[in-house]
Structures are given as structure tokens and as C-alpha cells.
Amino acid sequence: MGWYRAVKEKLATAATKRDAKRKSLVPTSPTAPAGPTPHMGSSAVVSSSSDAAHYEMKGNTIIVVFGASGDLAKKKTFPALFRLFRQGFLPNDVKIVGYARTKMDKAEFHSRATSYIKKSDDDAGLAESIDKFKDTLTYVDGDYDTGAAFDVLNAHLLEIEAHYTSEDKNRLFYFALPPNVFVTVAKNIKEHVYASPGVNRIIVEKPFGKDLDSARELLSSLKQYWSEEETYRIDHYLGKEMVKNILVLRFANVAFASCWDKSHISNVQITFKEPFGTEGRGGYFDSFGIIRDVLQNHLLQVLSILTMERPVSFSAEDIRDEKVKVLRCIPPIAQEDTLLGQYVGADGKPGYLDDDTVPRGSVCPTFAATTLWINNPRWEGVPFILKAGKGIMNGRYFCPKSKYGIQFKDVTQGIFQDIARNELVIRIQPSEAVYLKMNAKTPGLQTHAMVTEMDLTYNRRFAEAKIPEAYEALILDALQGDHSNFVRHDELDVAWKIFTPILHWIDGKNGTPPHPSSYPYGLRGPQDLDKFIQKYGYHRTTANYEWPVTNLAKA
């Protein structure tokens with residue numbers, strides 16, 4: 001992907017000029033510090049809001065992690081920061097400050113921040129790297145509601161910045177927080193911890209509201225304190241290698257680009273499976289449900305990149321403009337295009353309602369399949385089936401599995417009868433892969449067609465490559481001022497327009513809520529799932545097909 005970054009660098013100057021004209025997206029912001037701008041050989045003064053948007057934090061940088069005592073920070077944020085630190089991608093002499101309500105001493109904070117770093121016996125330098133990483137870490141405890149607590153935090157940051165040799169100040173604030181404190185924290189940062197002069201950015205985790213009205217309220221409240229260019233709304237799926245790879249697969253291969261439309265594609269399925277249930281976290285899940293948790297953000301983001309038109313360039317706004325255009329062509333989801341399920345206990349595994357943290361009698365779906373339609377010349381009539389569920393069978397994998405499959409139309413009949421369809425499958429996780437299901441002659445003296453595949457499995461083809469975790473890629477993008485893989489405010493707005501009517505139906509806001517179909521823990525989903533996807537034209541591959549190896553003795 002080296003050429004990809006090179007192209008982005010060449011386009012940075014043009015993109016900066018273009019972005020400066022987008023008044024609705026680039027409001028006035030404070031002057032940024034003098035220092036090296038990205039993609040330039042020598043240092044230059046950053047003197048405009050557009051320059052600040054693309055300013056790369058290379059030095060004099062503090063990363064503040066709010067919610068530093070929570071699971072998200074412990075399991076995702078700090079491990080990602082460590083991997084970037086170890087590979088030399090964090091700014092020079094970076095300092096990382098944790099902030100949370102929990103009172104902790106230095107040793108306890110260091111232990112929590114490094115507890116989920118993956119350890120390996122054959123990694124001789126790991127212990128030394130962890131010790132060096134700990135040297136960058138400090139911690140401040142305080143509440144999220146009072147300005148005085150943030151004054152204490154600011155005093156700590158000023159103490160760190162007192163050792164800078166220049167006036168540059170870069171502060172990146174990561175919200176590993178529940179959404180009910182987003183606005184309060186954003187306000188207190190702006191009023192008490194905002195570096196001026198300096199470049200300030202916030203990274204905000206989903207969920208961004210619960211429906212269209214609440215999302216608009218949240219967006220409006222945050223905009224009172226932070227400009228669009230300073231705000232990075234993180235959807236970690238946009239940082240996954242195989243999601244970022246869609247642009248290259250689509251637009252750098254004529255073989256794919258020429259058949260990427262309604263004339264050749266029958267249907268598209270985008271799937272997410274979790275082989276576990278709520279496991280004591282049912283209270284949080286029940287207030288959101290599987291659609292808000294996965295479909296409205298992660299899977300819709302995949303769909304938008306799969307279906308958008310070719311962008312003018314790799315600049316952030318050109319990519320996001322095309323995503324918004326295609327999302328605006330999707331009408332709200334219809335009830336008849338939706339299948340809901342809820343897992344029940346099976347094989348010793350408890351059901352959703354067996355979780356003590358789940359409200360008694362809840363009808364919250366733990367599985368959902370929804371079909372979206374895109375009313376534009378390229379995609380009219382093609383069903384896009386989004387599926388996600390908990391307690392779902394994952395084959396040999398014991399971690400979340402996600403993929404998208406593009407099933408092509410039937411081959412012309414005549415010499416072939418009942419032959420399998422071609423299908424392009426991209427597995428996002430685990431074990432990243434791209435493979436094309438195709439028909440070929442069975443080896444031997446007879447002429448029989450069988451389903452096989454052209455297979456690009458990453459851990460075989462790129463044996464020495466280390467694929468970064470999604471959070472690594474996105475934190476690095478935020479440091480570099482690259483919004484390409486973050487959600488823009490108008491993109492979020494149109495996404496909620498698509499899903500809000502179906503969510504209000506499920507929540508019972510327009511009458512009695514629907515009761516999801518039961519499915520046993522460990523199965524693929526509700527009993528009607530096959531019937532549901534078949535009504536949109538999906539044809540399952542022949543039963544004797546096995547990926548990645550087919551045993552001809554059994555075929």
C-alpha cells in the first residue's frame with residue numbers, strides 16, 4: 001500500500017485548497033503552531049484552518065485518553081498506542097495521559113494500560129519496549145462535570161509542555177467514554193484544556209446517538225465547541241485492512257470495475273457473526289440492539305465503499321463526498337425487508353433472557369437481517385443484505401467473523417445447466433482473504449464442472465506482513481490529519497435517515513414492538529433465514545464445496 005500513501009501525499013496540496021472552500025465543513029479554527037506540515041520537505045508556518053486540518057502531529061504532542069480506566073481503553077486504545085509507539089509511528093517524545101474518575105497510583109495505571117498487550121515468548125525485545133512505553137504514561141483522576149477538575153488536567157499538560165523547545169503544542173483527545181458524557185467532556189476540554197496557539201483534535205467513539213433526532217442533537221452540541229476539521233468520529237471498521245482494500249480492488253482492477261453494477265451482480269451480502277452472547281453486558285446491549293451496534297455503522301460503512309462511484313482523488317473529502325452521494329440514494333428500510341431474531345439457550349449456553357443484566361421479557365433483537373436498495377443507475381434492483389448476530393456459529397473460528405460476498409448473475413444457459421454462480425468473497429476478519437468462487441473442470445479424464453476458487457489468503461501470500469489493527473491505523477490517521485477513514489457529519493445524518501424508521505418500529509414507538517424469532521445459541525440465525533435471503537435471489541453454493549480445500553474423494 002506504499003503507492004496509496006504516495007498518491008495521497010501528492011494530492012495533499014490540491015486537497016488543501018479545495019477543502020478551504022468547503023465553508024460548511026471547515027469552520028474557522030485557531031491558528032496552528034509553526035512546524036512541519038505533512039507532505040512537505042521543509043518546515044512551514046501553519047497559518048490557516050485548512051492548514052491546521054492537514055497538519056501532521058510530528059512532535060510536541062500529548063495524547064489524552066479519557067475513560068482510561070475502562071475496558072475500551074484497556075483492550076483497544078492503549079494496545080494500539082503501544083504498537084504505534086513500538087513501530088516508531090507516534091510523534092517524537094510523545095506523552096500519553098490517562099484521565100478517568102477512578103483513583104489509581106502510577107503503578108496500577110501502568111499495569112492496566114499494558115495488561116492487554118499481546119505477549120509472545122519469542123519476542124525478546126517486548127519487555128524492554130513495554131518499559132519504554134510506560135515512561136510515556138501518566139495519569140490524572142477527576143470527574144467529567146466540573147471545570148476545576150479539567151484545570152488540574154491542564155496544569156499537568158502545561159507541566160509537560162514546559163519542557164518543549166518551541167511553542168508548538170499539539171493535543172489529541174481520545175474519548176473512550178459512554179456517549180452521555182461526550183458533550184460535557186468536549187465542553188470542558190474546550191474551555192479548560194484547549195491549547196492556544198496549537199492544534200487540538202478529538203476522537204469520538206460510537207455510538208453517535210440512537211436515532212436521527214438524538215444524533216442531530218449530539219452533532220449540534222459538539223459543534224458548539226469543536227469544528228468539523230477538529231473532530232474525528234471513529235468507526236473502527238474503516239480502519240480494517242480489508243475494508244480499506246475495497247478502493248484498490250474496485251478501482252485498480254479493470255476486471256472488477258467493468259462488472260461492478262446491476263447488469264452483472266445479482267445480490268450482495270455483508271455479514272457479521274459473533275460466537276458469543278452478551279455475557280453479563282446485556283444492560284448496555286439491550287439499550288441499543290444489534291442494528292445500532294453493528295448494522296447502522298460498521299456494515300453500512302462497508303456498503304457505502306462497495307457501492308460509491310470512483311472518487312476524483314484519494315483526498316478525504318473526495319472519498320467522503322462519494323460515500324454520502326450513494327447513501328442518499330438509499331430509502332429507509334422497510335419492515336418487510338427485515339428479519340429479527342433473539343438467541344435462546346442451547347448446548348449448555350445460556351439464552352439472551354437468561355442474562356441477569358437483560359431486562360425481563362426483553363424483545364431486543366440479537367440478530368438482524370435487513371435488505372437495502374440503492375436507487376441509482378448503477379445499482380437499481382440489486383438487493384444488499386446486511387446480517388449480524390450474537391451467539392452465531394462461526395465454523396472453526398472462535399472470534400467475531402465478518403465478510404462481504406458479491407454474487408454474480410447466472411451464466412447463460414445452454415451448454416451448462418444448474419451451474420454455480422461466481423461469487424467474490426472478501427473476509428474482513430479473521431484471517432484476511434479475497435477469493436473468487438468460480439467454475440472449473442474437475443481434474444481427470446471426464447469433463448465435469450466443479451466450484452473452486454482463485455484464492456488470496458493474506459497469511460499465506462504475505463507471510464512476513466504485519467497487518468495493523470484497525471485502531472492503530474485510525475489513531476495514526478488522526479495524528480496525520482487524515483479524515484478519509486472517519487465519519488463526516490452529513491454522512492452520519494443520512495445513515496440515521498435510513499435506519500431510524502425501522503428502529504422506531506423495533507423500539508415500539510409506533511405501536512407494539514415486533515417479537516424476534518428464537519434461534520438456538522450456536523446456529524446460523526433464525527429458522528427463516530435461508531428463506532429470507534433466497535427471496536432476494538441468493539443461491540447457495542453447491543453443498544460439496546469446501547473452502548479452502550475440496551476433497552475430491554468426497555465430491
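Just so you know, these numbers come straight off a predicted model, no measurement behind them.
- For Thr184, there are no side chain to side chain donor-acceptor pair (under 3.5 Å) partners two or more places apart in sequence or in a different chain.
- At a cut-off of 3.5 Å, with distance as the only test, a side-chain donor of Ser402 or Tyr237 sits close to an acceptor on the other residue.
- Looking at Val425 and Tyr404, their side chains never come closer than 4.5 Å, going by heavy atoms from C-beta outward.
- Shown here for Pro514 and Trp505, the closest heavy-atom pair between the two residues is CD-O, 3.3 Å.
- Atom CD of Gln527 is surrounded by 12 or fewer heavy atoms from other residues, nucleotides or ligands within 6.0 Å.
- Pairs passing the salt bridge (Lys or Arg N to Asp or Glu O under 4.0 Å) check and including a residue from residues 211-221, sequence neighbours excluded, read Asp211-Lys509, Arg216-Asp493.
- Listed by chain and number, the residues in a side chain to side chain donor-acceptor pair (under 3.5 Å) with Asp131 amount to none (sequence neighbours excluded).
- A donor-acceptor pair shorter than 3.5 Å can be found between the side chains of Asn485 and Asp477.
- Applying the side chain to side chain contact (heavy atoms under 4.5 Å, CB included) criterion to Lys132, with sequence neighbours excluded, gives Phe85, Glu128.
- Using a 3.5 Å distance cut-off with no hydrogens or angles, the side chains of Tyr225 and Glu191 do not pair a donor with an acceptor.
- Arg86 is linked by a side chain to side chain donor-acceptor pair (under 3.5 Å) to Asp123, Ser129, counting only residues two or more places apart in sequence or in another chain.
- A heavy-atom distance below 4.5 Å is not found between the side chains of Thr61 and Leu90.
- Looking only at side-chain heavy atoms (C-beta outward), Phe367 and Pro526 come within less than 4.5 Å of each other.
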Side-chain donor-acceptor pairs under 3.5 Å in residues 70-81, sequence neighbours left out?
unit_1, atom_1, unit_2, atom_2, d
Asp71, OD2, Arg281, NH2, 2.1

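- Looking at residues two or more places apart in sequence or on another chain, you find a side chain to side chain contact (heavy atoms under 4.5 Å, CB included) between Ala470 and His236, Lys240.
- In this structure the side chain of Tyr144 never reaches within 4.5 angstrom of the side chain of Asn188, judged on heavy atoms.
- Note on residues 135-160: pairs passing salt bridge (Lys or Arg N to Asp or Glu O under 4.0 Å), not counting sequence neighbours, are Lys103-Asp141.
- In this structure Pro513 satisfies the side chain to side chain contact (heavy atoms under 4.5 Å, CB included) test together with Val363, sequence neighbours excluded.
- Ser227 and Glu230 share a donor-acceptor pair across their side chains, judged by distance under 3.5 Å alone.
- The side chain to side chain contact (heavy atoms under 4.5 Å, CB included) test applied to Gln87 returns Arg83, Phe89, Glu472, not counting sequence neighbours.
- A side-chain contact (heavy atoms from CB on, under 4.5 Å) with Lys390 holds for exactly one of Tyr521, Phe285, Tyr352, Phe272; it is Phe285.
- With sequence neighbours left out, the side chain to side chain donor-acceptor pair (under 3.5 Å) criterion links Thr357 to Asp355.
- Within the 4.5 Å cutoff, the side chain of Ser518 has no heavy atoms near those of the Gln342 side chain.
- One side chain, Gln301 or Lys323, offers a donor N or O that lies under 3.5 Å from an acceptor on the other.
- Sorted by first and then second residue, the salt bridge (Lys or Arg N to Asp or Glu O under 4.0 Å) pairs with a member in residues 284-305 read Lys206-Asp293, Arg292-Asp507; sequence neighbours excluded.
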| request: Apply the test side chain to side chain contact (heavy atoms under 4.5 Å, CB included) to residues Leu157 and Arg171: give CA-CA distance (whole Å), side-chain angles for both, the deciding distance (0.1 Å), then the verdict. | output: CA-CA 9 Å; Leu157 303 187; Arg171 295 181 180 180; 3.7 Å; yes
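- For Tyr232 and His483, the gap between ring centers is short of 6.0 Å.
- A donor-acceptor contact closer than 3.5 angstrom links the side chains of Asn245 and Tyr458.
- Not less than 6.0 angstrom separates the ring centroid of Phe182 from the ring centroid of Trp226.
- The structure places CG of Leu222 at 9.5 Å from CZ of Phe208, a figure rounded to the nearest 0.5 Å.
- Note that NZ of Lys387 is 10.5 Å distant from CG of Leu299, once rounded to the nearest 0.5 Å.
- Side chains of Thr366 and Tyr519: a donor on one and an acceptor on the other come within 3.5 Å.
- Counted by atom type alone, Asn297 and Arg233 present zero donor-acceptor pairs between their side chains at under 3.5 Å.
- A heavy-atom distance below 4.5 Å is found between the side chains of Thr102 and Arg112.
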